[in-house]
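Working notes for the structure below.
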Amino acid sequence: MAILRRQGYEVGMNSDADACAVLSVAEMASADAAAIQAGTAGEALMAAAGAAVAEEVLRRGPAGAVTVLCGPGNNGGDGFVAARLLRERGRTVRVALLGERGRLKGDAAVHAARWTGPVEALAASSLDGAEVIIDALFGAGLSRPLEGAALDVVREINARALPCIAVDVPSGVFGDTGQVLGGEAGAAPRCRATVTFFRKKPAHLLLPGRGLCGDVTVAQMGIGAEVLSAIRPRCHENAPALWQARFPWPTPEGHKYRRGHAVVIGGGTMTGAGRLAARSAARVGAGLVTIAAPSATLPVYALAAHAVILAKLDDAQDFARLMDDPRRNAVLLGPGGGADQPTRLGVTAALAAGKSCVIDADALTVFGDDPEHLCRAIRRTGGEGGNVLLTPHDGEFARLFPDLAKAHADDKLARARAAAARSGATVLLKGNDTVIAAPDGRAAINSNAPPELATAGAGDVLAGLAVGLLAQGLDAFDAGCAAAWLHGEAAAAFGPGLIADDLTECVPTALRKLKTGHA
């Protein structure tokens with residue numbers, strides 16, 4: 001079984017965007033069914049899955065007693081395979097089953113019959129003496145919280161801090177959302193690693209599931225990549241394979257005027273936000289960058305923004321003159337701008353002028369009392385979200401789309417997609433598990449953001465990267481995906497102690513990694 005490590009996770013040998021596909025629980029079931037219909041026996045798929053789990057245990061710990069916790073379905077069947085193979089390799093293996101062995105069905109029953117050792121009833125005492133736990137209780141499709149013995153055992157795993165390897169997802173986590181079923185009353189094991197199959201699911205990338213999974217290995221178990229053409233997945237893990245072919249690298253015949261002109265609307269007091277954004281837009285390759293700000297603050301911007309143009313922005317006439325220049329093709333509004341009427345008017349004017357826009361921070365908050373006004377202005381641009389990117393964090397999202405925040409409180413992917421469909425813009429819903437969603441239903445989940453990005457000004461850098469890429473001709477979805485990835489890579493390149501000022505200086509490192517193919 002060939003496995004390729006890349007970018008901190010493992011994928012099958014396909015190197016194109018298909019390798020980054022993220023499947024819902026239902027889509028994964030379709031992939032299984034398609035493989036079986038094409039002639040691969042379900043028993044063989046289960047054998048390959050269990051073998052991958054056993055390999056992961058052996059790789060992480062070549063010695064020590066193992067307890068395999070088996071559930072009543074196919075995950076339990078995977079567990080029986082792993083138990084048998086580990087015992088054949090000389091490991092001490094103990095199997096604990098939730099339910100009765102005689103009630104197992106299908107492929108799970110076949111593989112359970114091949115386990116000739118004892119099977120005990122699942123209980124907390126099953127954990128005694130174990131140095132490794134295999135959680136094969138439930139898979140990604142579990143739709144109700146753990147209860148009874150399963151709940152007790154999972155809580156005991158966490159209380160004892162036992163090394164645990166999950167099959168598919170940690171039991172108790174819903175595969176489509178990454179949420180722990182039952183909320184605070186529910187539970188799921190904190191795993192060192194998770195072995196899943198064919199492609200990742202949203203729970204491997206969205207919090208809190210991602211944190212509970214530990215290191216995720218995607219094992220190829222005999223399902224051909226061709227099944228993706230029938231499934232046509234609309235969600236991917238954000239990676240260069242999705243957008244690198246369209247990335248706007250400089251060309252020998254190019255010059256600065258061909259690389260776009262980004263405009264950053266700067267605030268009158270919080271000048272740092274605009275400076276960070278403008279420097280980021282320049283770093284990512286925009287040919288020219290202008291900061292437009294109240295004339296009284298231009299000297300402040302001039303002191304620290306050496307590579308950008310400055311333009312006064314004291315009234316609506318100044319803004320209109322700025323937008324009249326067709327070469328100024330992309331505009332960032334919001335960072336440090338103030339949640340006031342001038343910001344509101346600026347957003348609608350930039351959209352009406354047909355500019356590619358990144359709308360962030362105060363420029364989102366200012367529409368909290370009338371979000372439909374913003375949506376109408378976006379829809380009037382006539383595009384399908386191709387040139388407008390909204391970049392809210394959760395608080396801004398809740399102010400702009402309160403009903404969607406409530407209706408999809410436990411599903412970040414659904415929240416972002418619903419907001420994109422409603423607004424007509426691409427929505428980049430920020431966080432350690434940023435989701436980028438286009439109005440047509442495409443989505444990407446970003447997974448490379450280190451926790452050090454939780455620092456003031458980091459969002460301004462992200463917005464600057466996005467407007468710089470829009471200026472160079474990327475559409476909003478590609479720009480949002482590329483900006484989020486570069487943002488994470490730049491932060492990782494710096495490491496602990498990161499502040500936002502460091503991010504812009506690490507963008508070239510991230511670009512070099514992207515260009516040299518080491519991403």
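Here the structure is a predicted model, which means the values were calculated and not measured.
- Using a 4.0 Å cut-off between charged nitrogen and carboxylate oxygen, Asp478 and Arg442 do not count as a salt-bridge pair.
- Within the 3.5 Å criterion, the main-chain N or O of Ile499 finds a donor-acceptor partner in the side chain of Asp502.
- What you find for Ala479 and Ala466 is that their closest heavy atoms are CB-O, 4.0 Å.
- Distance check: Arg210 CZ to Lys200 NZ gives 9.0 Å after rounding to the nearest 0.5 Å.
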Carefully, step by step, assess Asp411 and Arg417 under the rule salt bridge (Lys or Arg N to Asp or Glu O under 4.0 Å). CA-CA 10 Å; Asp411 192 339; Arg417 278 174 157 157; over 6 Å; no
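- Nearest heavy-atom pair across Pro508 and Arg283 is CG-NH1, 3.8 Å.
- Exactly one of Asn238, Thr434, Asn432 qualifies for a side chain to side chain donor-acceptor pair (under 3.5 Å) with Asn446. That residue is Asn238.
- Proximity of a side-chain donor or acceptor of Glu489 to a complementary backbone N or O of Asn448 within less than 3.5 Å is not detected.
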Evaluate the side chain to side chain contact (heavy atoms under 4.5 Å, CB included) criterion for residues Leu390 and Thr426: first the C-alpha distance (whole Å), next the side-chain angles of each, then the deciding distance (0.1 Å), finally the verdict. CA-CA 6 Å; Leu390 310 182; Thr426 293; over 6 Å; no
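- Results of the side chain to side chain contact (heavy atoms under 4.5 Å, CB included) test with Val347 over Ile265, Leu374, Leu364, Ile378 single out Leu374 as the only residue that passes.
- Exactly one of Asp176, Asp168, Thr177 qualifies for a side chain to side chain donor-acceptor pair (under 3.5 Å) with Lys201. That residue is Asp168.
- The main-chain N or O of Ala339 is never found under 3.5 Å from a side-chain atom of Thr343 such that the two would form a donor-acceptor pair.
- Closest non-hydrogen pair, Pro170 versus Pro189, comes out as CB-O, 3.7 Å.
- Salt bridge annotation for Lys355-Asp325: absent, with no cationic side-chain nitrogen under 4.0 angstrom from a carboxylate oxygen.
- Under 4.0 Å is where a charged nitrogen must lie from a carboxylate oxygen, and between Glu27 and Arg234 no such pair does.
- Remark: the backbone N or O of Leu242 is paired with a side-chain donor or acceptor of Arg246 at under 3.5 angstrom.
- Formation of a donor-acceptor pair under 3.5 Å by the Ser30 side chain with backbone atoms of Ala26 is found in this model.
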Trace of the side chain to side chain contact (heavy atoms under 4.5 Å, CB included) decision for Asp362 with Glu396: CA-CA 9 Å; Asp362 291 337; Glu396 292 158 348; over 6 Å; no
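- Side chain of Arg259 to main chain of Gly285: a donor-acceptor pair is present (N/O by atom type, distance under 3.5 Å, no hydrogens or angles).
- Taking the charged nitrogens against the carboxylate oxygens, Asp215 and Arg60 do have a contact shorter than 4.0 Å, which makes a salt bridge.
- Looking at Asp314, its side chain does come within 3.5 Å of a backbone N or O of Ser295 through a donor-acceptor pair.
- Listed for the Arg422 side chain is no donor-acceptor partner under 3.5 Å among the backbone atoms of Phe401.
- Taken from NE2 in His204 to CG in Asp433, the straight-line distance is 14.5 Å, to the nearest 0.5 Å.
- Remark: Glu505 engages Arg279 in a salt bridge, criterion side-chain N to carboxylate O under 4.0 Å.
- Between Asp369 and Arg344, at least one side-chain N (NZ, or NE/NH1/NH2) sits under 4.0 Å from a carboxylate O, which counts as a salt bridge.
- Using a cut-off of 4.0 Å between Lys/Arg side-chain N and Asp/Glu carboxylate O, Asp460 and Arg275 are scored as not salt-bridged.
- At a threshold of 4.0 Å, the pair Asp318-Arg321 counts as salt-bridged, since one of the basic side-chain nitrogens sits closer than that to a carboxylate oxygen.
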